[in-house]
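Accompanying notes for the structure given below.
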Amino acid sequence: MNGIVDAFFSHIISTIIALPAIGAIIVALIMRKSGRVAEYFAMLIATVELALIILLALKFDFNNPGFQFVEKYEWLPGTGIYYHVGVDGISMVMLILTGFICFIAAWTSFHQIPEDLNRPLYFVVFLLFEVGIVGTFVAINLIIFYLFWELVLPSMFLLIGKWGPHPEKARHAAIKFFIFTFAGSVIMLAGFVYLYLVHKTFNMIELAKLTAGMSREAQAFAFGLIFFGLAVKLPLVPFHTWLPDAHVEAPAPVSVLLAGLLLKMGGYGFVRMVWILPKGFDYLFGPLLIVAVVGAIYSGLTAMGQDNFKRMVAYTSINHMSYVFFAALVAAWATIHGKEHMDLAKIALAGGVFEMFGHGVAIGLMFLMAGVLLHKAGTYHISELGGLGKVTPRISVLIVFGSLAVFGFPPLIVFVGEIQIFVGAIGLLFSENYYWPAIILVAPLIVVATYLWMIRRVIMSEVTPVAEKARDLSIGEIIPLAILCVAIILFGIYPSIITNYMAKAIEAQLHML
């Protein structure tokens, strides 16, 4: 019996990768005979996938800073390309987020994706997207990382372009998304190839050791290439222009996948580059620090100026991801210049990883509420939605709660990440006499003002003709949203459920072990 269990866990990563792929094939085969059965089977796959990830999390060793459950098989002999996967504490956090968000997005798709738009086919593409996301977070070989990274592109392209609520605009947004992200990805691949030409390996673990001998200029060249792919995906200002259109034109569950998971690919990549190319961050530190600070403030101000509820939430995502980049940048810089303050660097980088997790959960709720507004009131426009508090109390409570979570109200989930980022990163910069970046603290104040103003207009003002006709949520529709609310509270009050996984891995990323 023990042998069977050991054999299962020795291949659990591949099982988690393969399950949604196999599920997508089965859904495609049975959807012609029974679309409803195919849909429920896809939901079952998403549920089992979450269960497997939870099982993996329960088996994970907190005290091991390295990769666990590693599988390695030669793929292309003589090229350094291996099927090489595993999880450390950081990728474990990202896997937990992936399983949870995909489960919620699949559930809410039954409410927000119309049956007449071939919902079974939607679930086929949905499951293929999950394959790409999972593979990206567990890949150790950079080429395998890149292959899974690229698998996400066509699936998200279809999810936006075919199932968006406004077909013509959705296709335009999908094409824009594909062009931006594919161009960035190709440049990123060039950076991976450069590292291979220098060190003859695509293995992240080996590269983290070998790159220590590279000059600042050489690391900066590699990082500069890789930066474009990550910056577009995160996205950082000024590489962000594809994101608001993609969010507005995507159906709400797809926006949850986009903000909750796809953007995290960029953040996760930057965290890994702290480990592999810290001198690259250092060489470009001044300009990148400006990008992080300006991006956070700019996106907050732009969110405040939006009349479209969903576009406002989209710009909030850019704001939060700017914090993640800020944390990674300062932590990497500390490995070169602030070694006596590595405790602060650890807090900052841990905050960046937790911010990705917390943002994925909280922003998921807000994008689902945007979908609710479209389906129940017929519009995203804030100016048309006044007085919902008097007409749809359930929707109103969820919008208010989601707003509190997104702008970092303590002790909800986003607060945990942001307080760590600002204490760690700004504390570290102050210790090295960098004071001006503290102006980034204006950004969360802008986001608070944005959401409070939105609440006043949408919930507390006089009832508008559009709001008067709005319908409230049913109990069945509330359940997945309530699960998100519980997660927002639970992980905000007990963040150690997540932080225990990544503590040792963060130290390894910063070369503290």
Side-chain angles (χ1 to χ4, degrees), residues 9-10 12-13 16 53-72 82 84-98 134-142 144-145 195 199 201-213 264 267-279 281 324 327-336 338-357 416-417 420-421 424-425 428 491 495-513:
F9 277 105
S10 67
I12 190 170
I13 300 295
I16 290 171
I53 290 171
I54 292 172
L55 188 63
L56 177 65
L58 293 174
K59 192 75 172 176
F60 188 86
D61 181 5
F62 293 149
N63 295 315
N64 182 350
F67 284 86
Q68 303 173 41
F69 309 99
V70 174
E71 300 176 50
K72 184 177 181 180
Y82 294 81
H84 193 185
V85 295
V87 289
D88 68 349
I90 295 168
S91 48
M92 189 70 250
V93 171
M94 293 295 100
L95 271 190
I96 295 169
L97 177 66
T98 299
V134 169
T136 299
F137 291 145
V138 300
I140 297 174
N141 186 284
L142 287 177
I144 300 301
F145 174 89
L195 288 175
H199 299 293
T201 182
F202 288 114
N203 186 316
M204 289 187 193
I205 301 170
E206 295 174 359
L207 284 169
K209 299 173 183 177
L210 294 171
T211 53
K264 305 307 179 293
Y268 175 80
F270 276 122
V271 171
R272 291 303 186 201
M273 289 306 112
V274 171
W275 184 35
I276 298 171
L277 296 170
K279 294 177 186 176
F281 281 96
V324 172
L329 174 63
V330 175
W333 177 77
T335 65
I336 309 298
K339 290 189 178 296
E340 66 274 19
H341 301 292
M342 290 305 292
D343 54 332
L344 290 173
K346 180 181 175 182
I347 292 171
L349 193 59
V353 175
F354 196 95
E355 178 78 355
M356 288 193 283
F357 182 86
V416 178
Q420 289 183 90
I421 290 171
L428 201 150
F491 293 118
S496 60
I497 298 172
I498 297 301
T499 57
N500 283 342
Y501 284 101
M502 59 181 169
K504 290 293 184 181
I506 292 293
E507 293 180 1
Q509 293 292 116
L510 295 171
H511 301 277
M512 295 172 67
L513 297 177

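No hydrogens, no waters, no symmetry mates; every other heavy atom, side chains included, goes into these values.
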4.5 Å side-chain heavy-atom contact, Ile13 and Leu56: yes
Residue pairs, two or more places apart or on separate chains, that pass salt bridge (Lys or Arg N to Asp or Glu O under 4.0 Å) and touch residues 62-71: none
Asn141 side, atom CG; His84 side, atom NE2 - distance, nearest 0.5 Å: 8.0 Å
Within 45° cone of Phe69 ring axis and under 6.0 Å: Lys59 NZ or CZ: no
Side-chain (Thr211) to main-chain (Ile276) donor-acceptor, under 3.5 angstrom: yes
Greater than 12 external heavy atoms within 6.0 Å of Lys72's NZ: yes
Qualifying residues under side chain to side chain contact (heavy atoms under 4.5 Å, CB included), relative to Gln68, sequence neighbours excluded: Phe60, Asp61, Asn64
Any donor-acceptor N/O pair, Gln509 side chain to Val271 backbone, under 3.5 Å: yes
Parallel, tilted or perpendicular, as decided by the 30° and 60° cut-offs, for the rings of Phe491 and Phe357: perpendicular
Donor-acceptor under 3.5 Å (Tyr268 side chain, Phe137 main chain): yes
Full working for side-chain contact (heavy atoms from CB on, under 4.5 Å) between Met94 and Met356: CA-CA 8 Å; Met94 293 295 100; Met356 288 193 283; 4.0 Å; yes
Sidechain-backbone polar pair: Gln420 side chain, Val416 backbone, donor-acceptor under 3.5 Å: yes
Side chain to side chain donor-acceptor pair (under 3.5 Å) pairs, two or more places apart, involving residues 85-94: Asp88-Ser91, Asp88-Arg272
